[in-house]
Protein chains: 2
Amino acid sequence: MRNNTMGSLIWLRLMRFTNQSNQMSNDFLKRFDLTTAQFDVLMQIRIYQPLTQSELAEKVTVTQGGISRMLARLEKENYIVRKQDWKTKTINLTAKAEAILDQAMPEQLAFQTSFFDDVLDEEEQKTLYKLMTRVHKYSQKRELPSE
Amino acid sequence: MRNNTMGSLIWLRLMRFTNQSNQMSNDFLKRFDLTTAQFDVLMQIRIYQPLTQSELAEKVTVTQGGISRMLARLEKENYIVRKQDWKTKTINLTAKAEAILDQAMPEQLAFQTSFFDDVLDEEEQKTLYKLMTRVHKYSQKRELPSE
DNA sequence: CATCATCATTTGACTAGTCAAGTTAAGAGG
DNA sequence: CCTCTTAACTTGACTAGTCAAATGATGATG
């Protein structure tokens, strides 16, 4: 009864894996009092701060509404500050967030890395990265069929 | 400032790609009045029905609570029926759901497949599948450190 | 038979996100 | 100065999920 294509099998694998590793990552980050989504957003802010909400939304592939809610939560926890700056709101990390990230970042990187380092050699990782990059970039291109 | 490992780059790519393709799939399935998550769950039920909620939860990697809410929504829309059967609840598709799936399944498979067919040749797809399978299986093994 | 243990499922309080309609802040034109 | 447009952001109603405490259903034991 295997009426599945290779593509659909890959798709399923990707979905299940990201789902699972995401949850494991949430678990791992619990000791820093962060979720995976929050870590992701805070890292992007750290790299690009100061930046506006729309810029950030684009970087983490979330809608304007989504980023608005996320930032409201992060602000409530004192991880970021937003200030009205002309028409837009400018986002910056607080010292608290910087301190947590200094701790959490190397550990989270090591955690992510361990998913691959333990089962794939360097060559295989490069191959996987290259293939996924092609697939991802292609999917982004399809998103704007008007261009 | 690239303090990223290959593993963390792969991780990011996987997250962003699944995120994005998931949204595109939601969009695609709109014409069948289904979300990607619903399609996924209905397909699993179709393959394994009749089955219990806990069995289903495991198949789609969701918690008991999560599957309970999802099934409540699907039941409200008349896609499934649950009946108390001894201690457990047994799930079956309705004729309505079967009819929709007959239509949606081939199209959704083709949709998923197109993400890969258009940019990777057969050999590359097999490689990608093999690598992701190793990574995924390994991550599942880690989940139960007590064994 | 009442209570107890044990699965299976549900539910309350949350995070994280979507879409679409509603605000808000500036600048532009009458 | 007032209205109009527009870009940036927020919000209401919803899906999808988590965890942990509560509820249901059944069988076992004193």
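The chains referred to below are lettered A, B, ... by the order of the sequence lines, with proteins before strands, and numbering in each begins at 1.
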What is the distance, rounded to the nearest whole Å, between atom [atom1] of [X] and atom [atom2] of [N]?
X: Ile91(B); N: dT9(C); atom1: CD1; atom2: C1'; result: 11 Å
X: Lys83(B); N: dA8(C); atom1: NZ; atom2: C1'; result: 16 Å
X: Met70(B); N: dT10(C); atom1: CE; atom2: P; result: 14 Å
X: Glu55(B); N: dA8(C); atom1: CD; atom2: P; result: 9 Å
X: Leu74(B); N: dT10(C); atom1: CG; atom2: P; result: 13 Å

Subject >> Distance-only donor-acceptor check, side chains Arg13(B) and Thr133(A), under 3.5 Å >> reply: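 Yes.
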
**OP:** May I ask you to test the Ile80(A)-Leu42(A) pair for a side-chain heavy-atom distance under 4.5 Å?
**Re:**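 Yes, side chains in contact.
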
**OP:** State, with a plain yes or no, whether a side-chain heavy atom of Met70(B) is found less than 4.5 Å away from one of Gln38(B).
**Re:**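 In contact.
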
Original post:
Using rotation axes that map the C1' atoms of four end pairs onto the next four (five pairs an end), what angle separates the end axes of the helix from dC1(C)-dG30(D) to dG30(C)-dC1(D), to 10°?
Top reply: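 The helix from dC1(C)-dG30(D) to dG30(C)-dC1(D) shows an end-to-end axis angle of 40°.
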
Original post:
Counting just side-chain N and O atoms, does Lys89(A) come under 4.0 Å of either OP1 or OP2 of dT10(D)?
Top reply: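 Checking Lys89(A) against dT10(D): at least one side-chain N or O falls below 4.0 Å of OP1 or OP2.
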
Original post:
Got a sec, which pairs hit ring-ring contact (aromatic ring centres under 6.0 Å, His included) with one end in residues 92-111 of chain B, sequence neighbours left out?
Top reply: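 Qualifying pairs, neighbours excluded: Phe28(B)-Phe111(B), Phe111(B)-Phe115(B).
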
Where do N or O atoms of nucleotides 18-24 of chain C meet protein N or O atoms at under 3.5 Å, pair by pair?
{"from": "dT18(C)", "atom 1": "OP1", "to": "Thr63(A)", "atom 2": "N", "distance (Å)": "3.2"}
{"from": "dT18(C)", "atom 1": "OP2", "to": "Thr63(A)", "atom 2": "N", "distance (Å)": "2.8"}
{"from": "dT18(C)", "atom 1": "OP2", "to": "Thr63(A)", "atom 2": "OG1", "distance (Å)": "2.4"}
{"from": "dT18(C)", "atom 1": "O4", "to": "Arg69(A)", "atom 2": "NE", "distance (Å)": "3.0"}
{"from": "dT18(C)", "atom 1": "O4", "to": "Arg69(A)", "atom 2": "NH2", "distance (Å)": "3.2"}

**OP:** Using a 4.0 Å heavy-atom cut-off across all strands, classify Ser68(B) as base, sugar-phosphate, or nothing.
**Re:**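 If one applies the 4.0 Å heavy-atom cut-off, Ser68(B) turns out to touch a base.
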
Original post:
Among dT15(C), dA25(C), dA25(D), which nucleotide sits nearest the side chain of Gln84(A)?
Top reply: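 In terms of side-chain proximity for Gln84(A), the closest of dT15(C), dA25(C), dA25(D) is dA25(C).
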
**OP:** Please answer: with hydrophobic residues joined when any side-chain heavy atoms are less than 4.5 Å apart, are Tyr138(A) and Met24(B) in the same cluster?
**Re:**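 Yes; tracing contacts between hydrophobic side chains, which count when under 4.5 Å, links both residues.
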
Subject >> Hydrophobic cluster membership, Leu12(B) vs Met43(A), 4.5 Å side-chain cutoff >> reply: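 Unlinked, Leu12(B) and Met43(A) end up in two clusters.
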
**OP:** With DNA chain D as reference, determine whether Val41(B) or Ser54(A) sits nearer its 5' end, using the nearest nucleotide of each.
**Re:**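 Taking each residue's closest nucleotide, the earlier one in sequence belongs to Ser54(A).
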
Original post:
What pairs with Thr94(A) under side chain to side chain donor-acceptor pair (under 3.5 Å), at least two apart in sequence or on another chain?
Top reply: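 Counting only residues at least two positions away or on another chain, Thr94(A) forms no side chain to side chain donor-acceptor pair (under 3.5 Å).
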
Subject >> Residues that Gln44(B) engages under side chain to side chain donor-acceptor pair (under 3.5 Å), provided they are two or more places apart >> reply: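 By the side chain to side chain donor-acceptor pair (under 3.5 Å) rule, Gln44(B) matches no residue at all.
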
**OP:** For DNA chain C, determine which residues of residues 31-39 of chain B have any heavy atom closer than 4.0 angstrom to one of its atoms, and list them numerically.
**Re:**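 Residues of residues 31-39 of chain B under 4.0 Å from DNA chain C: none.
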
